[in-house]
Structures are given as C-alpha cells and as structure tokens.
Amino acid sequence: MDSGPTFRQTLSTNLLTLTRFRDLLKLVEQNRPSDDLDLLRRAYDFSAHHHLRQVRMSGEPFLSHPLEVAYQLAEMKLDVICIATGLLHDILEDTEVTSEDLGGQFGAEILHLVEGLTKISRLDFSTSEAHQAENLRKMLLAMVDDIRVILVKLADRLHNMRTLHHLPAERQQAIARETMDIYAPLAHRLGMSKIRGELEDLAFSYLEPDACREIKQVLETKRRDSEAFLHEVASTIGAKMKEHDIDAAVESRLKRIYSVYQKLRRQRITLDQVYDLLAVRILTNSVKDCYGALGVIHNVWRPVPGRIKDFIAMPRPNLYQSLHTSVITHTGQSFEVQIRTHEMHRVAELGIAAHWKYKEGQSVGAVSGPADGKVAEAGKAPAPRPRETKPGTEDQRIAWLRQVVEWARETEDPGEFLSSLKIDLYPEEVYTFTPLGKVIILPREATAVDFAYAIHTEVGHACMGAKVNGRIVPLRYKLRNGDIVEILTRQGHTPSRDWLTFVKTSKARNKVRHWLNVAQRERAIEIGKRLVEKEARKYEVNLKKVTEETYLKVSQEYGCHKADDLLAGIGFGKFSARQVLIKLAPEPLKEQAAAEEPGKFAAIKKALGISRDGGAAIVVRGAGDLMVYRAKCCNPIRGEEIIGYITRGKGIAVHSRLCPNVANLLYERERQIEVEWARATQDSYAVKLVIQADDRPGMMRDLTSAISADDTDIRDIEAHPNEQDHTATMDLTIEITDTKHLERIVGAIRKVSGVHEVKRILKV
Ligand code: MN
C-alpha cells in the first residue's frame, strides 16, 4: 500500500516550505529586482509536486532540501536560472520526471544544468582511492561545460553537510571524506572561501571529532578572553581611520577551526604561536585607501617581520585580493589585519560566483571595470575562445578562468556573458572510472580498448567487450567524461588487428602490435612444422629419429639460432620445407631427393616469379629478409595499399588491397601479415591498361607520344578495331614505377582527343 504523507503532514509541509519559499522570493527581489520571479514560482510548484511524497532522513519533507539549496544560491546573488536549477536539481535523479518533461516545462538551459548535476550525482567518489582526489576534482571540472553546475553542486553539498547528523555513521564518514577531498578544494580553487570554510569545518567535525572539539574549546576560551581586546582594537582602528580620512568598516573574527588545525599540524606549533588566530578585517572603498590603512596600522602597532603580504598587487590564482599583516601590541598580543575593498571582499567570499551581477549593467559594490560609458565598445570586447585555448599547468588553467572573468567585467551584461560561456578546462583529456572508482585518465577520443590496456596488458589482450554505465558498447566506443567502464574479458580471447585502426593511446597500440608479431611468429612456427611433417610423410622420413643436434646444425646452416627460428622461416616462406627436410634426413634420402629437387623447385620459382631482387621493394613489418613476391592476380605497384599473405612454402604473396582475392584470403586471417613498400627504388612494374577510343587516323601515334613524353617505356601495344561504332579497344602494357607515375600516365592518355575510357587491368 502507498504510505504517502497524511493530510496533516502535507499541510504542515506546505506551510513550512511556503514560508521559506516566500523568504527566497523576497531575497531574490531585493538582490536582482528585474529577474523573472515567475520562473521560480513555477520551479517551486513543479519540485513540490514531484517530491511531494518524499521524506529526508531527518524526517523533513524532501522539498526542504532543494529549497535550502536554492536559498544558498540566492544568497550568493546568482541568477534565477541558477536558483531554479537549485529547486529542480534532484528531480531527474529522484523522481519519475524525464528529461523531455523537464525540458518542455523549463527549457533547454535549465534542463542542461540539471542533467549536468544528475551526471555528477551518479558518481560515487566515496569508493575512490584517496590519492586520486586531485584527478577527481579535475574530472568534475572536465565533466561540466557550465560552471553554474559546480556552483549548484556546492550549494547542494553544503546543505547535505549541514544535515549530515541524520545519516548513519558510515555514510557520514564517506560523505565527509568526499567533501574534504573533493568539494572543499574545488570551492577553494574557484575562490569561494565562504562555502569552502563551512564545508571544511563541517567535514572536519565528522572526520576528527576529538581534535575538532579540542580546538573548538580553545577557540571559544580565546574568544571570550579576547572579546574586550578585539573591541578595543576595533574602536582604535575606527578612530585612526577617521583621523586619516579613510572611510572604512572594521570587523573582527576568529580563525576557522579547520584552518587552525591545518596550521598546527603543518608548522608543528602550539596554539599560542598562531599569529592569525585573531584577525581584524578592514574594508575600504578603494585600493588607495587599502594601502593608506596599512600605513596607519603600522603606525599604531609594530608589524611582525615577514608577515606582510600584498595580494592586491599579486592576486592569488583563485582571484583572492587583500593586504595581510600581523602586528603585536605593547602587551605582546598579536593579531592579523586583512585590508581590502568591499568588492575584493565579496570576491574573496564568493569567488567566481561573485561575478554574476544585475542585468542592465548595474554593478554590485565597487567593480574595477567601468560599468557605464563603455556601451559603445562593449560589442568589441574580446571574445574568449576557450575551446581553442589549451592552457598547460593547473595554475595556467585557473589564470585562464580569471582572464575570462576579466573579459566578463568589460562586457555589457556580465551575467549573460558568463552563462553563455562554455568552459572546457581540460580539452585534451577524458576522465573515466573503473567500477571500483579508480580514475583512468585517457586522451580524448580514447576507446574501450584503450581503457582495457590502461588497466593491464592482459586485460587488454583478453578484452572482448565493454559495458559503459552498465550498457554494452562496441569496443571502438569513444569514452566520455564520467563514464564508468567495465571491461568484459574471456580467457583465451586475443587482440584483433583492426583494433589498430581505432585505438588512441600508444600503450594500446604498442601492446596490440607486439602481440600480433609474437602471435604471427608462433603461427609461422606451427605452419613450418606442418610443412616439414608433410614433406617427411611424402619422403617417408621418420622425423622422430632426427636428433636435436641435427636440428640445431641445420638451423645454423640457415643462419638461425634455434630450431624454432628455422621453422618460423619455413612458415614465413623464407626457406623451402623440402630442402630443410633433405638436410635433416639421413644420407641416402638426401641424394634421392636432391636428384629430383632442383628442377622442380626452379620451375615453381619461375612460375611464381619469385625473385629476391624484385622482392626487396617490399618489406615485411617487424621481420627481416623474407621471401616476398607480388601476386600475379593483382600485380600491385608501388604506393598502392598492400597486404601480405603467408603462402605454404612459397614465400609471402603481396596483394593489392583492392584485389578480389584478398576477400577470400581473409578466411585465413592468421596467414595475413603486414607489409609495406620499401623506400623508393627505381624498380618498375609492368602495368596493363585497356583504352577505349575513337578509331581515327593518328590515334596510335598520339597515344604513344603522350606516353613517351613522360619517359615511360611501352612494352606492348595492340589495337582491336570495333567495326560497328568506329571505336577501337587498345591493350597497352607499360613500365610504371609507382601509383603517382600511373596516375600521370592515365591523365595524359585521357587528354588525347577521342579517348573515352582508360582502365587498369590488375592481372598481367
Ligand atoms: Mn541534492
């Protein structure tokens, strides 16, 4: 039975969340008066409707979660698209709503953002190995093409951390760990120190509860003890600033728990030695006033040497700007002073999120770029082309992001600018997962086979299929960011040559090549053995009686170190099985066989056109001097795509890829071998052409002169007139060095007037 909420529950839910939603609307109206509140109302209704029966672990209605996430985003003054995304962020993951529904209701932009969040939520970082945190963060950034997805995700995580105590202990640990390793550093990288600070302190309280409690106590004591002191400092500063005509706001704060802990651990000091435990912040209206205030402070208190830092002149890579100094009072009490403008402060707290502003060019706080008077030039603002930018180091990437933000400041509508901006921080990499959560970083366009080899060579070799996100995909499937890849292997399964046509990593390529070479050799040995056995049966030689010494001796005669090398040579067609057998066999047989051998073999050789000189034009990849000949059926010429085929004892036949026989040869794939043309030589090949042309006087003369104009030898030419239509068919055999030469000649023949068609005949 359906155990949905009772009427009373629904009613109280509605009241609680409705009140909160009204607060949200008020906040947005205040911050962004021209934004579309109706969109938020629709998003709220939609979310309320679809999450209606869902309850959080805390017992609260689920709706309270997206609502708090949206509220957080509104506090960051983000646009309504962002806030609506916050309201809808779990809708695809946790309800029946489909992408089509959502897109139909709220349009492509919100759909895209929610889909981005859904993609991320399906990753479970908590099973990942800790040392991979940096890769995971990169992956997260690589997975989204709109930075707003990350902003919503951070707000989502913040609310989950705030309500973490409702979860079972094990989940608490996993989520706190993930927050500490991935989300807090991500917030830091984007300059969002406020959210980062809260995430860190919350995670710390779950991960190191004892240390946390201890520091909390000390800080609390410190706060009580220094309350009066800080008050005095603040009023001194206030008075001094007024004296020097600097308009400044002063606030004081205690260092955050986790950052105290880090400092203690990193510097191996005691709490008393932490200079910046207490800090006073001075916010001014201009950069000039910042430096002015610094001078005033140093006049009042003595600065601690080496503790003055100018992050205004030298901003941190994450956009942070401020002046820092530590001073000591005459009673020996030390504290830190941070001085910055209001706008710098906003950026320090919100980071990249600080750059969403009102529409219509109004700016919040004192923005350095002129907000008006630049309208005419706005259209000329440099358009960033992030996809073409390939920043190198991590710092450069963030610097690039910073640059983008600078551009945004100069454009008329920064909010729109950033929202339309597609980010692609890692254009050359793709981040994928093993089912156990290990990140595998591959080049873009890498395939399932690359993934398999990245895991282990044996996994690559035995790889026969792959599942991506639980679905079977072809091996050539190009992996995408966030794909969870499971490689299906079968013992005894072996690599295939056509993997070489799609693998992207050199590791996969080399391993496949190596395997094919080794396998080819093994097959050649097997074939060699069979061929010798066949001959042995024919000549009634008992191979079992041939000793190992004899094998070795004969092998050495052929320049081989081992019997296997000799057999491989036979398999590859380098040596004749019969001749080898004669050498292996006892004396009387040798004479008998030798008597009938030479003539026979010479005849075969002639018939096949085997010649070592001719063969030198072609080399077998990965093998030395093998007997190679051009197949008669297709007569390949230099430059053409070719394929080798191991014949039984007659060497390697080289066919054109276009040869109709090649298709048949594929039935015995293990006999295929890679061959390629050797470096250019002056060898030429006979090529037969058939020409259809008008049977006109002078045709033969024009043809021959066109051909010999290219310094080409004509071996044979013959014309067959065709009485009915006054045309003639001409058979022509010429000497051609390579495909380019052939193309040239065919071109020249086609230009002769009256020529209708020129065709190459493969068989000579
Ligand atoms: Mn959520």
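Both ligands and their constituent atoms are indexed starting at 1 by order of listing. Note that these values count all heavy atoms, side chains included, but never hydrogens, waters or copies made by symmetry. Just so it is clear, the structure is predicted and the values come from calculations on it, not from any experiment.
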So Phe46 and Phe106, would you call those rings parallel, tilted or perpendicular, with 30° and 60° as cut-offs?
perpendicular
Kindly assign one of parallel, tilted or perpendicular to the pair Tyr320 and His324, based on the angle between their ring planes and the thresholds 30° and 60°.
perpendicular
Roughly how far, to the nearest 0.5 Å, is CZ of Phe204 from CE of Met180?
7.0 Å
With a 4.5 Å limit on heavy-atom distance, are the side chains of Val468 and Tyr477 in contact?
yes
To 10 degrees, how wide is the angle OD1 (Asp156) to the Mn ion (ligand 1) to NE2 (His89)?
90°
Do any N/O/S atoms of His65 come under 2.8 Å of the Mn ion (ligand 1)?
yes
Is Asp90 close enough to the Mn ion (ligand 1) to have an N, O or S atom under 2.8 Å?
yes
